[in-house]
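All ligand and atom numbering here is 1-based and tracks the order in the structure. Bear in mind that the values here come from a model prediction, so they are computed numbers and not experimental data.
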Amino acid sequence: MAKNISLIYSKPDEAQKLEIEKYYLGERIPAEKKPYLTDLKNGIGPFLPTQKDRYILDGSSQIATMGLGFNPTSFFGVSHFYEAWLNDPSSVDFQNLRKSYEQFLVRKAGWEKGFVHFCHSGAEANEIALGTCYASRFSPSQKKVLAFEGSFHGRMMVTLSATYNPSKREPYEWPSFKSDYTDWPRLAFDHKSEGPVPERWKELWENAESPSFEVHAKHFESESEVLKEEVRCLKMLREKLKTGEHYAVILEPRQCEGGDRYGSRRFHNAVGILCHLYGVPYIYDEVQCGYGLSGEFFWHRLFENSNSRGECVGPQFVTCAKKAQLGVVVSRNKIPFPQEFATHSLIRGYIQAMVMDQSRERVYEIENYVRPLLRNFVKEFSEDIENPRMQGLSYSIDFKSKELCDKFIAKRFENGILFYPAGNSTARFRLNLGFRPGDITLLFKEMSQTLSQAKGSPAEYIKEAPSFEKNLEELWSFHTDEVVSMLDFKAPSKDSAIQTTLQFLESHSSVRKAGLRAEWIDSANFKKFESAILDLEKSTYEPARQTSSQEFNQAVSSEGGFGLALFKGQELVAICFNGNLNSFSTVRGVRRDPFFGSSKAYYALDLTVKKGYQGQDLGKALKMASFKAIKSLGGERIQGRNRDSLAGPMLSINLSMGAYELNHLIEDYPDNEKYRDCFYYTTRVRWEKPRIRLSSGVTAPLSALQLSKEFVDKYKGPLLTKICLSNFVSTDYLNNLKTFSDLLPESLRHSYTTSGQSECVDKLIKSLWTVRKHERLLTFEGQYFGAGSNMARSLSGYSASVFPVDRLKSPFDVSENETLQNLEKALKANSYHSVWIEPVGQKTMKAWGPELLKKVLEACRTHGVPVVFNDTASMFYRWSEKHFMASSDLVPDAGYCYLGGQMGVTFSRKELFVSKPLEIISTWDGDEYSLAQFSEALKFVEADKKSYFDLRAKFEKKLVDFVTENGARVAFLNRGVGVVEGGLNLKLQKYFMPLGECYRNKWAVIPSPGEMSRFVNQVSYD
Ligand SMILES: Cc1ncc(COP(=O)(O)O)c(C=O)c1O
């Protein structure tokens, strides 16, 4: 059945608006959300779902986060990873996926060798790249970042200083830590109209130190106004670099927030040449531009930065976020900081990366379709707008008057569309692959209506959008059923595969709609269909991809091998064949497959849909049916090969079933087609029981124990869709946030949400700065505040600290008196911005005593210095019988909890809280699914506190016995938190992770409540 789409229009729904506004009372959170509540599982194509089945046509693709639109088929694959549901990166499958992803990213950067570092956000990625440059600078005089006028690199402390816009930056910037800026060419073109790289241009910049430089530069300056402007900017860059003051240069391939301002290929090549000449590493910030927005996977690869000899003068770092769904740093050398990230976001980003990369041609098709529409739109309103520009999926226009631009933006929601302003008076749009031609036409119609209304015409609203054939409910139902069937982590019982599979297939909407009949093929009846099958192959594929008769025979005669066929009357229209992997030892890639030899691995030999029947989801139906059949037959894995780009749609379907690439076979298809690489993939059809993790209670609060059918059903929407919580929230999200916030003392119920603990640090530093303008912090040795930003690393004590932090001796190494004396001395000697304490240490597992903490709070209060607690490890009653530190009688001035995954929450007194909307934001402000994981764990504990405390006592006893029996020692253990010491035998190793980075043979004990229970209730330890 077609799905109809009704747009929001006119005024927001009052009930939704009121529900959100309740949370603004008492300034619990800044009043900055859009007045629509989301319902993420209903999102489709470019349509952002709000409650009551009304949609917004999202022309911003949620600020470039969604490359494929809402709930694209491939994203259902995320739900096939228990690692995603549980934030568990420890499994072999996840590690394999991650490895293949890293290799993919390095390949896309065009590097022979490289490393990939994952983190929580775009700003974190940049802070990590910049911090690495700072740590490896060769002179202390290199103190500054060099950024470009018009830049945007995030809102953490160093990235904010590298963000040009004074209104964003100045209220929070520390005067001694400012960045330097150099001009970006003031030109309004896109890559299509930018003109060529002139001859001897590269030589000019390579010889920037030559005495004849000025003479040669003049030659270009006189050639055109455009070149004159570029030479002016590049000369300025040259002067800046000559000073030797900079430890890094950071730039976007195209400035996005700054107003979609392009830099020509000429310009970028010269930047690369100059940075190499002066030995300053440079970073391409592809947070918004990357992952296929331009058509190229990395936008900067369009420039082919090289010198006159053709040698690469590329960047040392490439940073991404948005479509990557978390922060990514691709670097030439290994980055020495710990990595913290959410597995579900990594998997979503992986799938998005794969599909975007397969869809280059489609991106250019969309670009070609949009260009004339954009030209006509600008022609229609030529009095008011100018400079249409476009690359790949993004386009923008400039308004001649800022006032009209603001009005245009203000009218977007009432016309049911979303896009954002940029720069001074630019409107920018980001499309995605979920847009169909009809949706694009609608967007342009809506843009015209909106602009006419902004100019004073009476309102006319379009209420309906093109409907969808895609059967979203069927997709949810299939994938949810499959996930739920795996929740017991047992091998499924074998059942009557043939009957159930054929029934499933014939009831699939695509098969019913086309009026097809399904047949099961095996060795007994193969001959009957053989010639029709071979004809179908010939009429569908180029010779290198046609499956031979011998291979079909191999499939059906192998153990458990079978085929599925769809017929229209007597006409064969689609087939899907799977055989035992071991029968395909001569297929390239199979012998390198670690599952080769396993009798339970299948090889997906062939899926073919006849021309004329393609694009109707028949392939998807056959894949789903095969998945079910293989499971019923007792299979565990499906392996297969997909040809780069030519089999792109097939790869998407495989990804939707949880496939990931196991091996990338370069130049594997021996013909002259454009794409010849092969993706060799694997798919699991059942889950192994996840191992019990006793060190991961902070990052992964949800345990396999709580992964129920109800939970899956409730949170499958946010598992798949990452929304910008800075703008759009759901009822579940608000409720979960309130449950957390209610645990806080009333005076501290003023919060920002974040994507991780470092973002908590930077947000608090900024909001406290508004009342305490001191550039020095105080903390104690051994305390941890994250490693994702330069401020967090400075506080956590990483080498090459960018910001000044005084670190007093650890209270666990000296007496209480000495600690207090040291503190008093420091507070008298300096004016501190704030004092930072971790009541239970994530890297030491040690808890501060209440008496000492009370005295520390008093001393700081006497000196008027705010105290901030990192209450991350103290949650779940790990510090006292109160839920976490800040809920006890010892109330700090501010604090934060990292809730695991990609979610943190800050809290502070009202006087220290900046409540002005959109001031202390980031793109995502956290992650709805991560909050759900935490909330479910919280519910488990709060449902019956006494039972939880009993469980904890049992856990402690059993742990001591188990560790001792296995030859190690529990050094200490309080309230379920402690340290195990000694070399761990293989039995023990499975449970623990090392404590901190520098304690040898010490292992952290900090399980989530659910993992405690799994440990207590398990019968054997193998
Ligand atoms: C180019 C660029 N860099 C960095 C960022 C910061 O990313 P995040 O908000 O995820 O920290 C953004 C966000 O819009 C961006 O556009």
Side-chain angles (χ1 to χ4, degrees), residues 32 60-66 118-130 145 147-148 150-165 168-169 179 184 248 250-263 283-291 293-294 298-300 315 317-329 341-342 345 348-349 394 396 419-423 426 428 430 722-727 752-763 766 786 788-792 902-904 918-927:
E32 60 199 5
S60 72
S61 298
Q62 270 303 290
I63 326 189
T65 287
M66 336 210 38
F118 294 107
C119 57
H120 289 307
S121 68
E124 268 197 23
N126 285 333
E127 290 266 339
I128 287 165
L130 288 166
V145 174
F148 283 82
S151 60
F152 185 92
H153 299 297
R155 294 175 189 250
M156 288 174 143
M157 290 304 285
V158 173
T159 43
L160 183 66
S161 82
T163 286
Y164 183 73
N165 189 332
K168 288 184 174 134
R169 169 170 46 91
S179 291
W184 184 270
I250 184 164
L251 77 163
E252 297 156 80
R254 179 198 59 187
Q255 295 190 328
C256 293
E257 301 295 309
D260 275 6
R261 294 163 71 195
Y262 289 71
I283 302 164
Y284 264 125
D285 175 346
E286 294 246 12
V287 166
Q288 195 160 154
C289 287
Y291 279 55
L293 185 70
S294 66
F298 290 127
W299 189 306
H300 77 271
F317 300 86
V318 182
T319 55
C320 304
K322 309 274 191 193
K323 290 188 206 23
Q325 308 276 306
L326 42 57
V328 177
V329 188
F341 59 85
S345 294
R348 278 191 304 221
S394 72
S396 30
F419 51 89
Y420 285 91
T426 299
R428 67 180 150 142
R430 307 283 181 259
K722 188 161 189 61
I723 199 91
C724 299
L725 298 168
S726 48
N727 281 186
Y752 308 114
T753 62
T754 75
S755 292
Q757 47 188 334
S758 306
E759 199 173 303
C760 287
V761 168
D762 284 68
K763 284 188 175 179
K766 287 196 290 183
S789 70
N790 288 292
M791 186 58 87
Q902 206 173 8
M903 185 81 206
L918 305 174
E919 275 290 288
I920 312 281
I921 56 159
S922 57
T923 304
W924 293 320
D925 276 358
D927 176 76

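The shortest N/O to N/O separation between Lys322 and ligand 1 falls below 3.5 Å. Residue Asp285 places at least one N or O, backbone or side chain, under 3.5 Å from an N or O of ligand 1. Looking at Thr923 next to ligand 1, an N or O pair under 3.5 Å apart turns up. Below 3.5 Å of separation, one finds no N or O of Ala321 facing any N or O of ligand 1.
When the options Arg430, Glu252, Lys323 are evaluated for a side-chain hydrogen bond (donor to acceptor under 3.5 Å, both in side chains) with Gln288, the one that passes is Arg430. Residue Trp924 is tested with Thr754, Asn727, Thr65 for a side-chain hydrogen bond (donor to acceptor under 3.5 Å, both in side chains); the sole match is Thr65.
With rounding to the nearest 0.5 Å, the separation of CG in Leu130 from CD1 in Ile283 is 4.0 Å. Here the NZ-CZ distance, from Lys766 to Arg155, works out to 6.5 Å after rounding to the nearest 0.5 Å. Atom OG1 in Thr163 sits 8.5 Å away from atom CZ in Arg169 (nearest 0.5 Å).
A salt bridge does not link Glu919 with Lys168: every distance from a Lys NZ or Arg NE/NH1/NH2 to an Asp or Glu carboxylate oxygen is 4.0 Å or more.
In this structure, the side-chain hydrogen bond (donor to acceptor under 3.5 Å, both in side chains) partners of Trp299, at least two apart in sequence or on a different chain, are His191.
Protein heavy atom nearest atom 16 (O) of ligand 1, with residue, atom name and distance: Gln288 NE2, 2.7 Å.
In this structure, the side chains of Glu32 and Asp925 come closer than 4.5 Å at one or more pairs of heavy atoms.
Around atom 6 (C) of ligand 1, the closest heavy atom drawn from Gly327, Ser755, Gly154 belongs to Gly154.
Close approach of ligand 1 to Val287 is summarised as follows: ligand atoms under 4.0 Å from at least one heavy atom of the residue are 2 (C), 3 (N), 4 (C), 5 (C), 7 (O), 12 (C), 15 (C). Interface of Gly122 with ligand 1, defined as ligand atoms under 4.0 Å from a residue heavy atom, comprises 7 (O), 8 (P), 10 (O), 11 (O). Atoms of ligand 1 lying under 4.0 Å from at least one heavy atom of Asn126, given by number and element, are 3 (N), 4 (C). Each of the atoms 6 (C), 7 (O), 8 (P), 11 (O) of ligand 1 lies under 4.0 Å from some heavy atom of Ala123. Atoms of ligand 1 lying under 4.0 Å from any heavy atom of Glu252, numbered from 1 in the order shown and given with element: 1 (C). For ligand 1, the atoms lying closer than 4.0 Å to a non-hydrogen atom of His153 are 3 (N), 4 (C). For ligand 1, the atoms closer than 4.0 angstrom to any heavy atom of Glu257 are 14 (O).
The minimum heavy-atom distance linking Met157 with Asp762 is given by the pair N-OD2, 2.7 Å.
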